[in-house]
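To find a chain, count down the sequence lines: A is the first, B the second, and so on, and within it residues start at 1. The figures here come from the full heavy-atom set of this structure, side chains too, leaving out hydrogens, waters and symmetry mates. Since this is a predicted model, take the numbers as computed values, not measurements.
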Amino acid sequence: MEKGLISVDRWADGSQVYFLTHLHSDHTQGLSSTWAKGPLYCSPLTAKLFPFKFPNFGLSLLRPLHTNSWHSLSLISPSSASKTLLQVMLIDAHHCPGAVMFLFRGEFGCLLYTGDFRWEANSERAKRAKTMLIDALQGDVVDTLYLDNTYCNPSYVFPHRDIAAQQIVDIIASHPEHDVIIGIDTLGKEDLLLYISRALNVKIWVWPERLQTMHLLDFHDIFTTNTTLTRVRAVPRYSFNINTLEGLNSMRPTIGIMPSGLPWVLKSLEGDETLFGSLLTSRYNKRKWSANSGTGPDKLNGVERFHKYIYSVPYSDHSCYKEIQEFVELIQPTNMKGIMSSSSCYVDPLYYFGRFSRADQPSQRLHDQHESKEGGKRDLAFRGKSYLGSGDVLEAKRKRGGIAKVNILGVRLSRVSALRRFRRGAKIGECDCHD
DNA sequence: GCGATCAGCT
DNA sequence: CACAGCTGATCGC
């Protein structure tokens, strides 16, 4: 990017200004508290949450911009070396708290970078955002659409989040004597937890750092770190597995719920072999499949009981295929690129939506995601995962263990990790766990 | 000792 | 596969 002007969710050298769509880790790789490459623009909510993730970040470089209005930035044109004006508007992506799309106007034309987004047909928030976007465009053509193509395949079919949330409430209500754990990430799915809390009139347990995040998000009273106050706990997704559930069930009857657009892949208890692997070759089949082969599918509207303790519910913060299609039909961009471009799973949106773009592009670009050959559009760097070759040479199996662990409700932490958490302000010693 | 980065894993 | 992200190891300072 020697001629770089702007970067979105990408943190290499060479751009004059940087933009962050939201605070999930796969979009902040390369960012650190020692950042000094240039101003970083984001939504006001992302800016509020930002210091929690990057405690010593130089706040003079953090530039929150309000959504739904144009902002002008004066930059130096990479081509003419003279001043050039960049206009940007932030639009609600309804993905996780603070998540936005960026609409750019400048000498390069008009670009729309969606970041991760979910715009459901029945969502008032999405309708408002859509109106903002259309009004902002004022009939202008989007030259390049950088699109959240996470679920850009017709096999990805899942319901609106309010439907999936009610499915989860129903599962919990049908297990009145059970504890419930729900797998979540460091940010996102707060609306789901809020819905559960209101529908069942329960508080929700979260781990200490997550409670801090909830307070930053102005959620008070609903969430607690006291396990005696509720039977419903939201736990880090990475701590959520069959072994965790088996262990919890040796103490109390407990079910686990995985809200995800992706189906859950079971691992054997030995952790080595994927169960039912031969049947999980297509995502469509995976959603169809029930692990309980002896008694037939235990499945309702996308909800699956993968395991006697575990439910997978299709609650997704990314748009499903149909929603992506509707978005592309709405924008009708001249050109399009997927922002999720790991080499093994990249699906070029043009493959499915080329007919909705203004240019009649052949689908030959299916695996051409890494290079932009249209000279004028090279100003925008976009996120792409770097891929090393198979560097497994000399890679000996490292011995695990030998390190003391502290256990927080199935969350296994090394001392190093506990220290990291402590530095970030978590008071692990005050976490009243019941195991 | 610390931060940045990477492989590995879920 | 991989939504997003943790863990532990290594390396350079």
Side-chain angles (χ1 to χ4, degrees), chain A residues 9 11 22-35 53-57 95-96 99 116-118 148-153 155-156 158 161 164 183-189 207 209-210 235-244 258-268 271-272 274 276-287 312-320 339-347 383 385-406 408 410-421 423-424:
Chain A
D9 292 352
W11 313 103
H22 67 288
L23 271 173
H24 280 157
S25 290
D26 53 334
H27 294 253
T28 61
Q29 269 183 30
L31 260 185
S32 75
S33 293
T34 59
W35 175 259
K53 196 173 176 96
F54 300 102
N56 299 310
F57 192 94
H95 170 68
C96 71
D116 293 348
F117 81 101
R118 181 149 197 204
D148 176 8
N149 57 325
T150 304
Y151 293 129
C152 190
N153 183 302
S155 67
Y156 287 122
F158 37 75
R161 279 173 286 193
I184 62 168
D185 292 315
T186 55
L187 192 63
K189 305 218 163 55
W207 62 102
E209 293 147 292
R210 199 59 160 95
V235 303
R237 194 175 55 180
Y238 69 86
S239 75
F240 189 116
N241 55 44
I242 292 174
N243 292 337
T244 309
M258 280 302 297
S260 171
L262 277 180
W264 221 59
V265 177
L266 287 181
K267 296 283 186 172
S268 70
D272 233 352
T274 301
F276 321 116
S278 63
L279 291 165
L280 297 176
T281 49
S282 94
R283 295 175 191 286
Y284 183 72
N285 283 340
K286 273 184 275 185
R287 272 273 175 240
S312 172
V313 183
Y315 186 103
S316 171
D317 285 328
H318 293 270
S319 295
C320 65
I339 62 172
M340 211 194 71
S341 59
S342 90
S343 64
S344 53
C345 67
Y346 181 81
V347 177
R383 181 170 62 102
K385 292 172 182 167
S386 70
Y387 242 75
L388 304 173
S390 54
D392 51 339
V393 195
L394 299 178
E395 188 56 47
K397 289 284 175 200
R398 297 194 183 96
K399 291 266 184 183
R400 304 274 181 198
I403 295 171
K405 310 249 184 174
V406 352
I408 299 178
V411 186
R412 292 168 66 73
L413 301 170
S414 70
R415 277 190 189 130
V416 173
S417 168
L419 190 59
R420 282 177 190 159
R421 283 162 183 258
R423 281 202 214 98
R424 296 214 303 261

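- Atom CZ in F240(A) sits roughly 16 Å away from atom C1' in dC6(C) (whole-Å rounding).
- Residue L31(A) contributes atom CG, which lies 13 Å from atom C1' of dA4(B) at whole-angstrom precision.
- Summarising the geometry, the separation between CG on L187(A) and C1' on dA4(C) is reported as 11 Å, rounded to the nearest angstrom.
- For the pair Q29(A) CD and dT5(B) P, the interatomic distance rounds to 10 Å; values are reported in whole Å.
- Between the P atom of dG3(B) and the NZ atom of K53(A) lies a distance of 16 Å, rounded to the nearest Å.
- Side-chain N/O atoms of R237(A) and base N/O atoms of dC3(C) include a donor-acceptor pair closer than 3.5 Å.
- Taking the side chain of D116(A) as heavy atoms from C-beta on, and the options dA4(B), dA4(C), dT7(C), the nearest nucleotide is dA4(C).
- When heavy atoms are screened at a 4.0 angstrom cut-off, H95(A) is found touching the sugar-phosphate backbone but no base atom.
- Side-chain nitrogen and oxygen atoms of T186(A) include none within less than 4.0 Å of the OP1 or OP2 phosphate oxygen of dA4(C).
- Not a single donor-acceptor pair, N or O on each side, falls under 3.5 Å between the base of dC3(C) and the side chain of T150(A).
- Separating the CZ atom of F54(A) from the P atom of dG3(B) is a distance of 14 Å, rounded to the nearest angstrom.
- Regarding contacts with the backbone of dC3(C), every side-chain N or O of S260(A) stays at 4.0 angstrom or more from both OP1 and OP2.
- Nearest nucleotide to the side chain of H24(A), out of dA4(C), dC3(C), dC6(C): dA4(C).
- Here dG5(C) presents its C1' atom at 14 Å from CG of L23(A), a figure rounded to the nearest Å.
- As rounded to the nearest Å, dC1(C) and dA7(B) have P atoms that lie 15 Å from one another.
- A straight line from CZ of F158(A) to P of dC3(C) spans 12 Å, rounded to a whole angstrom.
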